[in-house]
Amino acid sequence: MADSDNKNKDAEDELAGTEQPFVQHLVELRDRLLYCVYGLAVAGILLAIWPGPGGLIDLIAMPIRAHMPPDAKLIAIGVFSPFFVPLKVLMMTAVLLALPWLMYQAWMFIAPGLYSHEKRFALPLIFFGSLLAYGGIAFVQFFVLDKMFSFIQKFTPAAVAATPDISSYVEAILSLYIAFGVAFQVPIVVMLLVRFEMVTIEKLRSFRGYFIVVAFVIAAVLTPPDVVSQLALAVPMCLLYEVGIIGARYFAGGKKSSEEKEEESADSSASS
């Protein structure tokens, strides 16, 4: 009992005297926001140089053009669409490219208020979360869109020319990028819930069946009304949920489950 009290006292004293005035917090927030703007500017300039707005449009248009006639192209209905749509794609790509930098700045802002054991897992989470976001976007670009447009093309009448508008196409795929990038963060959420003792691994396992239903509901809401894209989002979410449960065992810092604690307490009481 005395040891646990000493540990709690050490944890409380770790941040003692580190409080900062409110104005200093605002100054720190301003600096971090400026760093984010600088990072976005650098990413935007690099993308504008190579591959350029036109190259980015060609890249994201590859999945749908593969299912269009050889000489067919996407059309621009709006007067300013040829200018604003590539600019929008450039800005969104710059955000994705600078995502680790943006997350790092957010972590640097909240780091002074964290304990040392909390700081240790912050940077791995930023790295792992960025990889998962990039993985979700790549999964959309190289698998989901191809299967989705192939599925849709089968229902297109022969008398109809499938020449989508570039603005509506970009909005549709950007929503898919965001949906999959966020949905692929399921392992991070699961591990954080276990790490902060908001839920146990045993409860996560018992909730597995309900999560499958939740995953399919989320996929039905976030994806277009076709079976391919809904399955492509729901199935990875279920698999990543299992990955999160496995990772939570190690990420929880060696914490013992409730069953193990009960067994140990029963053994100790029996021996005494």
Side-chain angles (χ1 to χ4, degrees), residues 63 96 99 103 106-107 117-118 120-152 154-155 171-267:
L96 293 176
L99 182 61
M103 297 177 66
W107 177 80
H117 67 278
E118 294 174 335
R120 283 196 297 268
F121 64 77
L123 288 179
L125 281 183
I126 292 175
F127 177 76
F128 189 39
S130 299
L131 285 182
L132 288 173
Y134 291 145
I137 294 170
F139 185 65
V140 173
Q141 177 68 23
F142 298 107
F143 178 79
V144 176
L145 293 178
D146 179 70
K147 302 301 181 183
M148 183 178 69
F149 292 132
S150 176
F151 177 81
I152 294 175
K154 295 178 181 179
F155 294 91
E171 290 180 2
I173 64 171
L174 285 181
S175 63
L176 285 176
Y177 289 158
I178 295 174
F180 276 76
V182 174
F184 272 48
Q185 304 301 313
V186 169
I188 301 293
V189 176
V190 171
M191 289 187 290
L192 285 176
L193 290 176
V194 175
R195 182 62 181 82
F196 290 109
E197 298 182 342
M198 300 178 66
V199 68
T200 62
I201 295 179
E202 292 81 5
K203 289 184 179 179
L204 289 173
R205 289 172 179 168
S206 63
F207 188 73
R208 183 182 287 118
Y210 298 100
F211 182 82
I212 294 175
V213 177
V214 172
F216 276 90
V217 172
I218 293 175
V221 173
L222 297 181
T223 60
D226 65 281
V227 179
V228 176
S229 58
Q230 292 177 7
L231 288 175
L233 180 59
V235 173
M237 284 182 65
C238 296
L239 295 177
L240 290 172
Y241 183 78
E242 298 297 329
V243 173
I245 294 177
I246 296 174
R249 299 175 183 173
Y250 305 96
F251 188 68
K255 293 181 178 180
K256 297 179 181 180
S257 63
S258 59
E259 295 178 356
E260 293 175 344
K261 291 179 180 179
E262 291 177 359
E263 292 178 358
E264 290 183 357
S265 60
D267 295 338

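Because the structure is predicted, anything quoted here is derived from the model rather than measured. The chain is numbered in sequence order, starting from 1.
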Student check: side-chain heavy atoms of F184 and L131 closer than 4.5 Å
no
For A219 versus L233, what's the shortest heavy-atom pair and its separation?
CA-CD2, 3.7 Å
Gap separating the CE atom of M198 from the CG atom of L193, nearest 0.5 angstrom:
5.5 Å
Checking the side chain of Y241 only, and the main-chain atoms of V190 only, is there a donor and an acceptor separated by less than 3.5 Å?
no
Got a sec, which pairs hit salt bridge (charged side-chain N to carboxylate O under 4.0 Å, His left out) with one end in residues 127-149, sequence neighbours left out?
none
Nearest 0.5 Å, what's the OG-CG distance between S150 and L145?
12.0 Å
Stepwise, does the side chain to side chain contact (heavy atoms under 4.5 Å, CB included) test hold for F211 with V186?
CA-CA 11 Å; F211 182 82; V186 169; 3.9 Å; yes
Nearest heavy-atom neighbours spanning F128 and M191
CE2-CE, 3.6 Å
Flag the pair E242 / I245 as yes when at least one side-chain heavy-atom distance between them is below 4.5 Å, and no otherwise.
yes
Which heavy-atom pair separates V228 from M148 by the least distance, and what is that distance?
CG1-N, 3.9 Å
Would you indicate whether the side-chain heavy atoms of L222 and V182 approach each other to under 4.5 Å?
no
When every non-hydrogen atom of I126 is compared with those of M103, the smallest separation belongs to CD1-O, 3.6 Å
Short side-chain to backbone donor-acceptor contact, Q185 and G181, under 3.5 Å
yes
Smallest heavy-atom separation, P224 atom then S229 atom, equals O-OG, 3.4 Å
How about Y177 and Q141: do any of their side-chain heavy atoms sit closer than 4.5 Å?
yes
Would a 4.5 Å heavy-atom cut-off, applied to side chains only, mark V140 and I173 as touching?
no
Give the minimum heavy-atom separation between L231 and P236, together with the two atoms involved.
O-CD, 3.8 Å
For Y134 and L96, indicate whether the former's side chain and the latter's backbone hold a donor-acceptor pair under 3.5 Å.
yes
Output the distance between atom CG (L174) and atom CD1 (I137), rounded to the nearest 0.5 Å.
9.5 Å
